[in-house]
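Below: the structure, in structure tokens.
We count residues from 1, following the sequence as given. All ligand and atom numbering here is 1-based and tracks the order in the structure.
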Amino acid sequence: MLAFLGSLLALSVTVPLLVFMAAPYIRKYIAGGVCKSTVKLNGKVAVITGGSTGIGKETAKDLARRGARIILACRDMAKGEAAACEIQTSTGNQQVIVKKLDLADTKSIREFAENFLKEENELHILINNAGVMMCPYSKTADGFEMHMGVNHLGHFLLTFLLLERLKQSAPARIVNVSSLAHHGGKIRFHDLQSEKSYNRTLAYCHSKLANILFTRELAKRLQGTGVTVNALHPGSVQTELTRHVPLVDIIWRKITFFLKTPQEGAQTSVYCAVAEELESVSGKYFSDCQPAYVSAQGRNEETAKQLWKVSCELLGIKWD
Ligand SMILES: NC(=O)c1ccc[n+]([C@@H]2O[C@H](COP(=O)([O-])OP(=O)(O)OC[C@H]3O[C@@H](n4cnc5c(N)ncnc54)[C@H](OP(=O)(O)O)[C@@H]3O)[C@@H](O)[C@H]2O)c1
Ligand SMILES: *[C@@H]1O[C@H](CO)[C@@H](O)[C@H](O)[C@H]1NC(C)=O
Ligand SMILES: *[C@@H]1O[C@H](CO)[C@@H](O)[C@H](O)[C@H]1NC(C)=O
């Protein structure tokens with residue numbers, strides 16, 4: 001009996017002690033890949049969509065610290081200005097400016113691009129980061145389902161409008177923030193705007209798959225231009241992305257220890273934007289600063305081609 005109590009006591013001391021000692025290692029594992037590049041970006045210009053918070057803000061901060069001129073493309077100007085202020089203070093880089101961009105409205109996207117092209121002579125890094133997840137069924141100003149409209153079509157149009165400037169500034173890079181969630185996605189050509197059936201989880205997955213297909217198709221089209229495009233999964237990151245799902249939001253707050261911080265979540269975006277070894281790598285998909293596995297759907301060249309064509313039609317643009 002005494003021996004039993006003794007071992008129980010020993011266990012109750014050693015187990016927590018072991019957990020306590022292992023915690024930093026577990027945390028490091030969860031934090032994931034780190035961008036080790038020390039490249040400076042003085043004289044370079046970077047546009048980051050959705051730079052007002054979360055992964056986008058931390059990505060902007062990192063690039064600002066490297067000396068780049070940063071344009072935060074935000075739909076909420078006040079929130080954007082607050083982020084710009086924070087970035088300026090913490091990096092000492094004053095060249096952080098905010099411009100209005102609502103990806104749920106093609107008029108706003110065109111105005112942003114027009115204004116940008118008038119005021120900036122160069123563009124070296126475009127980070128298509130903004131995104132919505134699992135929002136209730138809603139449509140953009142142009143009648144696109146919100147996930148497809150913002151996550152895919154909005155960035156498609158933005159990239160189209162800025163592409164000439166990227167080419168002129170080559171070497172230049174486009175970075176598309178996709179997600180592991182693309183594995184659950186399908187491109188439903190018969191119901192692209194989910195009017196016949198809507199499932200908000202799947203809608204997010206579809207839009208993130210579209211990101212990957214576009215990255216592949218664009219990479220092909222950009223061969224030889226000095227402009228590369230890659231996609232990535234940032235990891236599971238504590239951000240405002242869960243804002244439309246109260247339950248997930250609550251759980252997310254409870255398991256913070258097991259999630260990446262936004263700064264950790266920004267590492268793969270930064271890696272794709274600056275790493276020397278990716279200079280001529282294009283059309284690839286990364287996670288934790290390493291190449292990662294793309295779903296079969298995401299590798300389908302035919303789907304990529306067709307989605308490209310349909311996207312051009314929906315947006316009324318000619319892109320070939
Ligand atoms: N967090 C994760 O675990 C995770 C996992 C996989 C992939 N991702 C991807 O990572 C990217 C960044 O997400 P996050 O986690 O940092 O989420 P977040 O904190 O919610 O940030 C999303 C950003 O997108 C902006 N945005 C949303 N709708 C917009 C619109 N119509 N026009 C312009 N900007 C818009 C938001 O602006 P407001 O703040 O003004 O709304 C915000 O700045 C997304 O593409 C997401 O799919 C995240
Ligand atoms: C990413 O990639 C292409 C460029 O390849 C662009 O047209 C597409 O819409 C981009 N944006 C996102 C978020 O996928
Ligand atoms: C939406 O799709 C997910 C993933 O396939 C599934 O688990 C869920 O039950 C679906 N939700 C509804 C309301 O059909």
Task: Shortest protein heavy-atom distance from atom 39 (O) of ligand 1, along with the residue and atom involved - done: Lys79 NZ, 2.5 Å
- [ ] Quick one: look up the protein heavy atom nearest atom 15 (O) of ligand 1 and list residue, atom name and how far away it is.
- [x] Thr239 OG1, 2.6 Å
TODO: Over 60° means perpendicular and under 30° means parallel, so classify the ring planes of Tyr198 and Tyr137, tilted if in between.
DONE: perpendicular
TODO: Please verify whether a non-hydrogen atom of His233 lies at under 4.0 Å from ligand 1.
DONE: yes
- [ ] Using a distance threshold of 4.0 Å (strictly less than), state whether atom 2 (O) of ligand 3 has a protein heavy-atom neighbour.
- [x] yes
Open item on the list: Quick check against the 3.5 Å criterion: does His206 have a side-chain atom that pairs as donor or acceptor with the backbone of Lys186?
Closed with: yes
Task: Nitrogen or oxygen atoms of Asn199 and ligand 3 under 3.5 Å apart - done: yes
Open item on the list: Checking a contact table here: which protein heavy atom is nearest atom 32 (N) of ligand 1, and how many Å away?
Closed with: Leu103 N, 2.9 Å
- [ ] Please report which non-hydrogen protein atom sits nearest to atom 16 (O) of ligand 1, along with the residue it belongs to and the distance in Å to one decimal place.
- [x] Ile55 N, 2.9 Å
Task: Main-chain N/O of Ile212 paired to Ser178 side chain as donor or acceptor, under 3.5 Å - done: no
TODO: Report yes if some N/O of Val150 lies less than 3.5 Å from some N/O of ligand 1; otherwise report no.
DONE: no
- [ ] Say whether Ile55 and Leu232 are linked into one hydrophobic cluster, either directly or through other cluster members, by side-chain heavy-atom distances under 4.5 angstrom.
- [x] no
Task: Expected output: side-chain Asn93 to main-chain Ala68 donor-acceptor under 3.5 Å - done: yes
TODO: For atom 21 (O) of ligand 1, grab the closest protein heavy atom and report residue, atom and distance to one decimal in Å.
DONE: Thr53 CG2, 3.6 Å
Task: Heavy-atom gap Lys260 to ligand 1 smaller than 4.0 Å - done: no
Task: From Leu41, Val45, Ile87, Val96, residue fulfilling side chain to side chain contact (heavy atoms under 4.5 Å, CB included) relative to Leu63 - done: Leu41
TODO: Anything under 30° is parallel, anything over 60° is perpendicular, the rest tilted; go ahead and classify His152 against Phe156.
DONE: tilted
Task: Closest protein heavy atom to atom 20 (O) of ligand 1, given as residue, atom name and distance to 0.1 Å - done: Arg243 NH2, 2.9 Å
Open item on the list: Test of understanding: given a 4.0 Å heavy-atom threshold, classify the contact between Leu101 and ligand 1 as side chain, backbone, both, or neither.
Closed with: backbone
Open item on the list: Donor-acceptor pair, distance only, cut-off 3.5 Å: does the side chain of Glu217 make one with the backbone of Phe214?
Closed with: no
Task: Numbered atoms of ligand 1 (with element) below 4.0 Å of Ser179, judged on heavy atoms - done: 6 (C), 7 (C)
Open item on the list: Keeping Lys260 on the side-chain end and Pro234 on the backbone end, is there a donor-acceptor pair under 3.5 Å?
Closed with: yes
TODO: Mark yes or no for whether Asn211, through its side chain, and Ala231, through its backbone, hold a donor-acceptor pair below 3.5 Å.
DONE: no
Task: Thr49 near ligand 1 by a heavy-atom separation under 4.0 Å - done: no
TODO: Return the residue, atom name and 0.1 Å-rounded distance of the protein heavy atom closest to atom 27 (C) of ligand 1.
DONE: Arg75 NH2, 3.5 Å
Open item on the list: Would Val132 count as a polar contact of ligand 1, with the cut-off being nitrogen or oxygen pairs under 3.5 Å?
Closed with: no
Open item on the list: Determine whether any protein heavy atom is located less than 4.0 Å from atom 13 (C) of ligand 3.
Closed with: no
Open item on the list: Under a 3.5 Å cutoff, is there a donor and acceptor pairing between the side chains of Thr53 and Glu240?
Closed with: yes
TODO: Using distance alone, decide if ligand 1 has a nitrogen or oxygen within less than 3.5 Å of any nitrogen or oxygen in Val237.
DONE: yes
Open item on the list: With heavy-atom distances below 4.0 Å as the criterion, list the atoms of ligand 3 near Leu202.
Closed with: 2 (O), 5 (O)
Open item on the list: Suppose I only count heavy atoms of Ala104 and a 4.0 Å limit; which atoms of ligand 1 are within that range?
Closed with: 31 (N)
Task: Which of the ligand 1 atoms, numbered from 1, are nearer than 4.0 Å to a heavy atom of Asn129 - done: 11 (C), 12 (C), 44 (C), 45 (O)
Task: Check: Glu240 N/O within less than 3.5 Å of ligand 1 N/O - done: yes
TODO: State if Gly80 counts as touching ligand 1 under the rule of any non-hydrogen atom under 4.0 Å.
DONE: no
- [ ] Have a look at ligand 1 and work out which part of Ser178, if any, has a heavy atom under 4.0 Å from it: side chain, backbone, both or neither.
- [x] backbone
Task: Ligand-side contact atoms (ligand 1) for residue partner Gly50, heavy atom cut-off under 4.0 Å - done: 23 (C), 24 (O), 25 (C), 43 (O)
Open item on the list: Could you check, using the six-membered ring where one of them is a Trp, whether His182 and Tyr285 have ring centers closer than 6.0 angstrom?
Closed with: yes
TODO: Between Met133 and ligand 1, find which residue part has any heavy-atom pair under 4.0 Å and reply side chain, backbone, both or neither.
DONE: neither
Open item on the list: What I want to know is whether Asp102 and ligand 1 share at least one N or O pair that is separated by under 3.5 angstrom.
Closed with: yes
- [ ] With heavy atoms of Ala130 as the reference, note each atom of ligand 1 found under 4.0 Å away.
- [x] 24 (O), 25 (C), 26 (N), 34 (N), 35 (C), 45 (O)
Task: Numbering as shown, the atoms of ligand 1 that approach Val177 to under 4.0 Å (heavy-atom distance) - done: 9 (C), 10 (O), 11 (C), 45 (O)
Open item on the list: Evaluate Asp76 for polar contact with ligand 1, using N/O atom pairs at a separation under 3.5 Å.
Closed with: no
Open item on the list: Please check this pair: side chain of Asp142 against backbone of Thr106, looking for a donor-acceptor N/O pair closer than 3.5 Å.
Closed with: yes
Task: Under 3.5 Å donor-acceptor, Ser169 side chain and Leu123 backbone - done: yes
Open item on the list: Would the distance check show the side chain of Trp308 and the main-chain N or O of Trp319 forming a donor-acceptor pair, the cut-off being under 3.5 Å?
Closed with: yes
TODO: Classify the side-chain pair Asp105/Ser108 by whether it contains a donor and acceptor separated by less than 3.5 Å.
DONE: no
- [ ] Tell me which protein heavy atom sits closest to atom 48 (C) of ligand 1, plus the residue, atom name and distance to 0.1 Å.
- [x] Leu241 CD2, 3.4 Å
Task: Ser52 side chain to Asp76 side chain, donor-acceptor N/O pair below 3.5 angstrom - done: no
Task: Best match, Gly235, Ser236, Ser52: closest heavy atom to atom 5 (C) of ligand 1 - done: Gly235
Open item on the list: Given 3.5 Å as the limit, does a donor-acceptor pair link the side chain of His147 with the main chain of Met134, or not?
Closed with: yes
